Amino acid sequence: MIKVRQTQIIKIGNSNGIRIPKDFLNALGTKEVVMELTDNTLIIKPIKTTTPPRSEWGSILAKMKIEPEADFNDFDTTLTDGIDDV
């Protein structure tokens with residue numbers, strides 16, 4: 001379904017912008033977009049994110065394998081700063 005709506009370019013601070021109607025944003029499903037200028041036409045496309053919604057974080061974290069601390073023996077020694085080399 002193609003929707004068409006007329007709008008104006010408006011001043012926003014030191015920049016210019018376009019007000020995007022709420023129903024258009026809802027149809028995109030995101031506020032992250034990429035703009036493309038092709039043949040004197042401005043195209044705005046949604047960026048599909050792969051980040052799961054916050055409501056799913058708990059189940060994802062529960063599935064993660066918890067491992068004991070990695071072997072940090074390599075960090076037991078420190079380099080001298082040269083002060084003691086007098």
Side-chain angles (χ1 to χ4, degrees):
M1 178 158 120
I2 298 176
K3 292 184 177 183
V4 177
R5 188 153 315 160
Q6 183 174 338
T7 187
Q8 294 179 342
I9 297 174
I10 59 171
K11 185 83 171 157
I12 301 175
N14 290 330
S15 300
N16 292 307
I18 298 173
R19 287 194 182 111
I20 300 174
K22 185 177 180 179
D23 57 332
F24 280 43
L25 284 176
N26 290 340
L28 286 177
T30 182
K31 291 184 180 180
E32 299 285 328
V33 296
V34 63
M35 295 188 305
E36 178 182 325
L37 186 60
T38 304
D39 297 327
N40 210 20
T41 301
L42 178 62
I43 301 170
I44 301 173
K45 297 178 185 178
I47 297 174
K48 301 296 182 190
T49 60
T50 58
T51 305
R54 179 175 263 179
S55 60
E56 296 177 15
W57 289 3
S59 63
I60 292 170
L61 290 173
K63 293 176 188 175
M64 291 178 68
K65 181 179 179 183
I66 299 174
E67 298 181 12
E69 284 190 38
D71 185 11
F72 291 110
N73 289 336
D74 293 342
F75 296 102
D76 286 344
T77 59
T78 58
L79 296 176
T80 61
D81 58 7
I83 295 175
D84 296 335
D85 296 340
V86 178

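Since this is a predicted model, take the numbers as computed values, not measurements. Atom set for the values below is all heavy atoms of this structure, side chains included, hydrogens, waters and symmetry mates excluded.
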Requested in this report: Before giving the answer on side-chain contact (heavy atoms from CB on, under 4.5 Å), spell out for D23 and K3 the whole-Å C-alpha distance, their side-chain angles and the decisive distance to 0.1 Å.
Outcome: CA-CA 10 Å; D23 57 332; K3 292 184 177 183; 3.6 Å; yes
Report task. Would you mind reporting whether V33 and L28 have side-chain heavy atoms less than 4.5 Å apart? Result ->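 Yes; the side chains approach each other to less than 4.5 Å.
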Query - Side-chain touch I43/K45, heavy atoms, less than 4.5 angstrom - result: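 They are in contact (side-chain heavy atoms under 4.5 Å apart), so the answer is yes.
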Query raised in the report: Should we say atom CD of E36 is surrounded by more than 12 heavy atoms from elsewhere, each under 6.0 Å from it?
Result: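 Yes, enclosed.
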Requested in this report: Count the heavy atoms of every other residue, nucleotide or ligand shown that sit under 6.0 Å from CD1 of I9, and state whether that count exceeds 12.
Outcome: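 Counting other residues, nucleotides and ligands, CD1 of I9 stays at 12 neighbours or fewer.
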Query raised in the report: In terms of side-chain heavy atoms, does T30 have a donor or acceptor partner in E32 at a distance below 3.5 Å?
Result: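 No, E32 and T30 have no side-chain donor paired with an acceptor closer than 3.5 Å.
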Query - Heavy-atom closest pair, residues K11 and G13 - result: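 In this case the closest contact between K11 and G13 is CE-O, 3.2 Å.
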Query - Minimum heavy-atom distance M35-L42, with the two atoms named - result: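 M35 and L42 have their closest heavy atoms at CB-CD1, 4.1 Å.
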Query raised in the report: How long is the span from the CD1 atom in I18 to the CZ atom in F24, to the nearest 0.5 Å?
Result: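 Going from CD1 on I18 over to CZ on F24, the span is 11.5 Å.
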Query raised in the report: Got a second to check how far K31's NZ is from L25's CG, nearest 0.5 Å?
Result: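 Nearest 0.5 Å value for the NZ-CG distance: 6.5 Å.
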